[in-house]
Protein chains: 2
Amino acid sequence: MQETLNYISENKKRYLDELFELLKIASISADPAYKDEVLKCAEVCADHLRNAGADEVEVCKTKGYPVVYGEKMVGKDLPTVLVYGHYDVQPPDPLELWTKPPFEPYVEKTDLHPDGAVFARGAADDKGQFFMHIKAFEAMMKTDSLPCNVKFIIEGEEEVGSKSLGDFVNEYKEKLSCDCILISDTSLYSTEQPTVTTGLRGLSYVEVEVEGPNRDLHSGLYGGAVPNPIHVLSRMIAGLIDENGHITIDGFYDNVEEVPAEERAQMNKLKDDQEAFKSSIGLSGVEGEKGFTTLERTSIRPTLDCNGIWGGYTGEGAKTVIPSKAFAKISMRLVPYQTPEEITGKFTKYFEKIAPANVKVKVNPHHGGMPYVLPSDTKEFNAAKKAMETAFGTEVLPFRSGGSIPITAMFEEVLGAKSVLMGFGLASDAIHSPNEHYGLYNFYKGIESIPLFFKNYAGR
Amino acid sequence: MQETLNYISENKKRYLDELFELLKIASISADPAYKDEVLKCAEVCADHLRNAGADEVEVCKTKGYPVVYGEKMVGKDLPTVLVYGHYDVQPPDPLELWTKPPFEPYVEKTDLHPDGAVFARGAADDKGQFFMHIKAFEAMMKTDSLPCNVKFIIEGEEEVGSKSLGDFVNEYKEKLSCDCILISDTSLYSTEQPTVTTGLRGLSYVEVEVEGPNRDLHSGLYGGAVPNPIHVLSRMIAGLIDENGHITIDGFYDNVEEVPAEERAQMNKLKDDQEAFKSSIGLSGVEGEKGFTTLERTSIRPTLDCNGIWGGYTGEGAKTVIPSKAFAKISMRLVPYQTPEEITGKFTKYFEKIAPANVKVKVNPHHGGMPYVLPSDTKEFNAAKKAMETAFGTEVLPFRSGGSIPITAMFEEVLGAKSVLMGFGLASDAIHSPNEHYGLYNFYKGIESIPLFFKNYAGR
């Protein structure tokens with residue numbers, strides 16, 4: 001193992017240079033204008049896998065963006081780890097809030113990253129994280145220390161709901177057979193308090209439309225006498241959450257897991273500095289569901305957020321219009337045992353129910369995802385915990401994250417294997433936001449932890 | 001007079017061709033990208049005035065877009081009519097809802113315009129209407145029948161609040177001295193029931209901003225624990241109007257004119273076909289302030305409308321973000337004796353008051369305008385009524401419009417003269433909307449009515 005860690009240490013500079021090149025590719029899967037960049041990114045990932053020593057490397061076609069595959073089989077009787085990552089990134093807008101362009105990576109120190117952090121869209125989510133696996137794999141190959149079989153799948157549609165991955169995994173079920181799945185696409189609780197993620201929330205995402213008059217109207221001639229779709233939509237959104245922070249959708253909480261008091265107590269032992277939390281995002285006060293802490297609100301409770309709203313005149317200056325339509329994007333984070341089908345259905349029914357009779361509403365479901373839990377008494381969890389404890393030199397705790405990686409549930413169903421969520425980002429890394437970044441310390445600790453995980457998991 | 005009307009009749013085709021050329025100029029004052037087009041439009045208007053026979057024609061510089069001036073003085077002792085119009089137009093978006101491009105005029109028949117209507121941005125508001133005055137003036141000049149003095153001011157900032165006009169009128173107060181102001185920038189109640197507009201609503205227009213966290217956040221990691229500015233803004237907008245259609249702003253109705261029951265009764269004698277109203281804009285039901293009819297809601301009552309809203313991710317696909325900020329444009333139509341300063345102040349105070357403590361709000365006032373009333377027992381009203389009765393061959397009634405022409409109050413204050421609102425559009429002309437149009441019948445009836453107004457007003 002020491003030889004592998006030495007190799008990693010000697011190649012740190014090159015690893016970072018290679019990550020920079022990967023981050024320069026604007027692989028925005030949500031925006032069709034970036035199609036060529038997404039496709040180019042897949043090819044670059046395949047090259048990296050080949051160069052690291054993987055066999056059978058292939059850019060596998062799907063109905064959407066391709067999945068990059070590679071493997072190294074070292075022994076039929078050894079366990080197989082399937083590494084999952086995604087090479088696509090979130091749209092970078094609003095562009096004007098980035099200090100430097102989102103696809104021109106650079107390193108800068110921050111309070112939380114005194115060794116520096118790489119700033120770029122995708123730095124933490126997920127290029128910087130899946131790239132750790134390719135580099136750790138390279139180190140194991142070069143030092144002849146890969147203790148078990150490894151397979152890689154790196155997809156290009158995670159940020160748009162992994163639309164093609166289910167078909168792909170079902171089609172290549174045999175090829176992808178494995179004992180566990182290893183994913184780095186989550187965060188540590190903090191650099192000082194490393195964690196393995198044992199829970200993820202699910203997702204239901206819809207786009208809604210409210211239509212009032214059949215054309216835009218002059219607000220002077222019609223104002224005050226017709227339903228204004230912006231007002232109607234505002235009232236409807238306002239009505240989705242009550243004054244106690246409860247979501248009002250009929251039956252929304254029916255299937256929500258009641259987390260045992262004991263687990264809640266343990267969870268709340270994590271150092272939860274509310275002042276630091278608030279000041280990190282410039283807030284004077286938090287809010288949320290009554291009866292739960294911030295940590296609980298963002299992990300074991302389902303939530304509803306409007307992610308976008310638009311309607312009417314949004315350009316410079318003033319236009320006195322009553323628009324025909326107003327729109328919003330609304331997402332709900334789900335917890336065990338909610339399902340996206342159930343919640344999208346309940347949302348749609350409720351949204352149609354609360355709509356006034358003189359407007360038309362439409363609800364268009366986007367992608368959804370199941371919530372996920374990895375029990376902390378599993379071999380997978382413990383291999384990760386021990387690996388990170390060695391790398392970080394401190395105790396590692398289980399932690400439930402508020403985010404979603406909808407494919408973990410699908411992996412379990414199709415491949416019959418548990419996912420280990422061994423992520424190294426920080427919540428403050430601004431993923432999905434301007435100035436996304438990923439700490440160099442985290443990047444290198446991740447690369448060190450991975451061979452240790454393989455060793456622990458293979459038991460050799 | 002017959003000679004003048006004959007001249008108009010003989011030149012109908014050319015008048016329309018010239019209007020087409022004017023409508024091809026994309027003089028969008030709200031969008032700085034169209035600056036050159038706006039300036040070009042001013043020059044074209046000046047050429048038209050010169051060619052029609054005006055003296056002292058000048059494109060007068062202001063801090064913003066220029067005001068086009070021209071005059072014809074025929075006798076020191078004769079009354080002077082100041083004709084006002086505006087050559088700028090509203091932004092045409094949403095472009096995709098136009099049948100043909102907004103600056104490529106064409107004629108097509110509609111149910112309400114069996115003789116055809118010109119379709120183009122600015123067709124009714126206000127190019128097609130102020131151009132009637134230049135053409136009527138040309139007809140009077142060519143037939144040597146101008147009965148009194150006339151001055152023209154055609155501005156280029158009406159759609160953005162006539163920002164420079166006040167300074168201009170104050171500076172050229174002597175040059176602009178007149179006995180009345182004649183404006184065609186309003187609508188008839190219907191082609192069958194011509195009206196002279198005796199009231200206009202004022203305007204208060206603000207842009208609001210709600211800031212929650214100081215950066216965009218991942219809705220999975222932060223959702224449910226922080227104020228989402230879209231939700232906060234939605235709740236605030238929802239709270240501005242109560243379930244009875246009343247605006248909740250403290251003191252909003254303090255100075256509202258209580259229109260006498262008699263005037264309300266007379267107003268409601270106008271044929272008000274609610275079914276036709278609803279079907280013309282595709283609505284199954286109207287709504288508004290309790291205790292008032294649609295006609296009253298859009299004329300004698302103040303209103304509040306959200307004209308635009310935006311925040312978060314509004315592109316294609318799904319992005320799970322909690323935005324840092326959300327925005328809206330909100331306008332209020334005012335009635336006598338509200339003032340924009342009063343209402344903008346009350347709005348700001350109230351909006352700040354209802355904001356939750358954990359967000360920051362900003363209210364940026366845009367332009368405002370005073371409400372206006374022209375009593376129906378004035379010489380000005382009666383000259384217009386009689387002119388239109390001759391042209392249309394039917395009784396003409398007074399009518400209060402819901403729209404705003406904020407400069408009428410300023411004219412009265414600075415020039416000491418009343419404005420006559422002799423407009424020839426229809427409410428259904430889709431001004432400020434896609435497929436704006438102006439009936440050819442209305443255009444020609446307008447050109448005929450104008451020399452008749454001059455004759456009646458000059459008394460010779």
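Note that the structure is a prediction, hence the values are computed from the model and not measured. The chains referred to below are lettered A, B, ... by the order of the sequence lines, with proteins before strands, and numbering in each begins at 1.
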Engineer: When you measure from the side chain of B:Tyr205 to the backbone N and O of A:Lys319, does any donor-acceptor pair fall under 3.5 Å?
Structural biologist: yes
Engineer: Considering residues at least two apart in sequence or located in another chain, which fulfil the salt bridge (charged side-chain N to carboxylate O under 4.0 Å, His left out) criterion with B:Arg400?
Structural biologist: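 Expected list: B:Glu257, B:Glu263.
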Engineer: Which word best sums up how the rings of B:Tyr222 and A:Phe277 line up, parallel for under 30°, tilted for 30 to 60°, or perpendicular for over 60°?
Structural biologist: parallel
Engineer: Report which part of A:Ser331 has an atom under 4.5 Å of a heavy atom belonging to chain B: side chain, backbone, both, or neither.
Structural biologist: side chain
Engineer: Any side-chain heavy atom of A:Thr314 sitting closer than 4.5 Å to one from B:Phe327?
Structural biologist: no
Engineer: What are the two closest non-hydrogen atoms of B:Gln90 and A:Ala318, and how far apart are they?
Structural biologist: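 Minimum heavy-atom contact is NE2-O, 4.4 Å.
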Engineer: Quick check on B:Val321 against chain A: is it the side chain, the backbone, both or neither that has a heavy atom closer than 4.5 Å?
Structural biologist: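 The answer is both parts of B:Val321.
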Engineer: Which region of A:Lys360, side chain (C-beta onward) or backbone (N, CA, C, O), has a non-hydrogen atom less than 4.5 Å from a non-hydrogen atom of chain B, or is it both or neither?
Structural biologist: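 A:Lys360 touches chain B through side-chain heavy atoms alone.
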Engineer: Quick one: of A:Val286, A:Leu97, A:Leu283, who has the most non-hydrogen atom pairs under 4.5 Å with chain B?
Structural biologist: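 When all of A:Val286, A:Leu97, A:Leu283 are compared, A:Leu283 has the most.
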Engineer: Mark yes or no for whether B:Asn228, through its side chain, and A:Cys306, through its backbone, hold a donor-acceptor pair below 3.5 Å.
Structural biologist: yes
Engineer: Check whether B:Leu200 gets within reach of chain A through its side chain, its backbone, both or neither, counting any heavy atom under 4.5 Å.
Structural biologist: neither
Engineer: Just grab all the salt bridge (Lys or Arg N to Asp or Glu O under 4.0 Å) pairs involving residues 208-230 of chain A, residues at least two apart or on different chains.
Structural biologist: A:Glu209-A:Lys325, A:Glu209-A:Lys362
Engineer: Go through B:Ser234 and A:Ile309 one step at a time and tell me if the side chain to side chain contact (heavy atoms under 4.5 Å, CB included) criterion holds.
Structural biologist: CA-CA 10 Å; B:Ser234 294; A:Ile309 191 166; 4.1 Å; yes
Engineer: Is there side-chain contact between A:His231 and B:Ile237, with at least one heavy-atom pair below 4.5 Å?
Structural biologist: yes
Engineer: Is there side-chain contact between B:Thr320 and A:Arg333, with heavy atoms separated by less than 4.5 Å?
Structural biologist: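 A side-chain contact under 4.5 Å exists here.
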Engineer: Do B:His218 and A:Ser433 meet the criterion of a side-chain donor-acceptor pair at a distance under 3.5 Å?
Structural biologist: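 No pair is found: no donor N or O on one side chain lies under 3.5 Å from an acceptor on the other.
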Engineer: I need the residue from A:Asn358, A:Asn214, A:Val232, A:Asn307 with the largest number of non-hydrogen atom pairs under 4.5 Å to chain B.
Structural biologist: A:Asn307
Engineer: Determine the option with the most heavy-atom pairs under 4.5 angstrom with chain B, choosing from A:Gly403, A:Gly311, A:Gly312, A:Ala238.
Structural biologist: A:Gly311
Engineer: B:Glu316 and A:Asp31: side chain to side chain contact (heavy atoms under 4.5 Å, CB included), yes or no, with the steps?
Structural biologist: CA-CA 7 Å; B:Glu316 210 179 310; A:Asp31 188 341; 5.8 Å; no
Engineer: Quick check on the interface: out of A:Ser219, A:Gly315, A:Ser284, A:Ser29, who has the most heavy-atom pairs with chain B under 4.5 Å?
Structural biologist: A:Ser219
Engineer: Checking A:Pro32 against chain B: side chain, backbone, both or neither under 4.5 Å from a heavy atom?
Structural biologist: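 Answer is side chain: those atoms of A:Pro32 sit under 4.5 Å from chain B.
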Engineer: Closer than 3.5 angstrom, by distance alone: can the side chain of B:Arg301 be matched with the main-chain N or O of A:Gly224 as a donor-acceptor pair?
Structural biologist: no
Engineer: Hey, which of A:Ala427, A:Gly402, A:Gly239, A:Ala225 has the most heavy atom pairs under 4.5 Å with chain B?
Structural biologist: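 Greatest number of close heavy-atom pairs with chain B: A:Ala225.
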Engineer: Can you name the residues of residues 288-295 of chain A that have some heavy atom under 4.5 Å away from a heavy atom in chain B?
Structural biologist: A:Gly288, A:Glu289, A:Thr294
Engineer: Below 4.5 Å from any heavy atom of chain A, which atoms of B:Pro227 appear? Answer side chain, backbone, both or neither.
Structural biologist: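 Both the backbone and the side chain of B:Pro227 come within 4.5 Å of chain A.
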Engineer: Taking every heavy-atom pair that is under 4.5 Å apart, which of A:Pro91, A:Ser401, A:Pro356, A:Pro434 has the most such pairs with chain B?
Structural biologist: A:Pro91
Engineer: Suppose the criterion is salt bridge (Lys or Arg N to Asp or Glu O under 4.0 Å): which pairs have a residue in residues 225-236 of chain A, not counting sequence neighbours?
Structural biologist: none
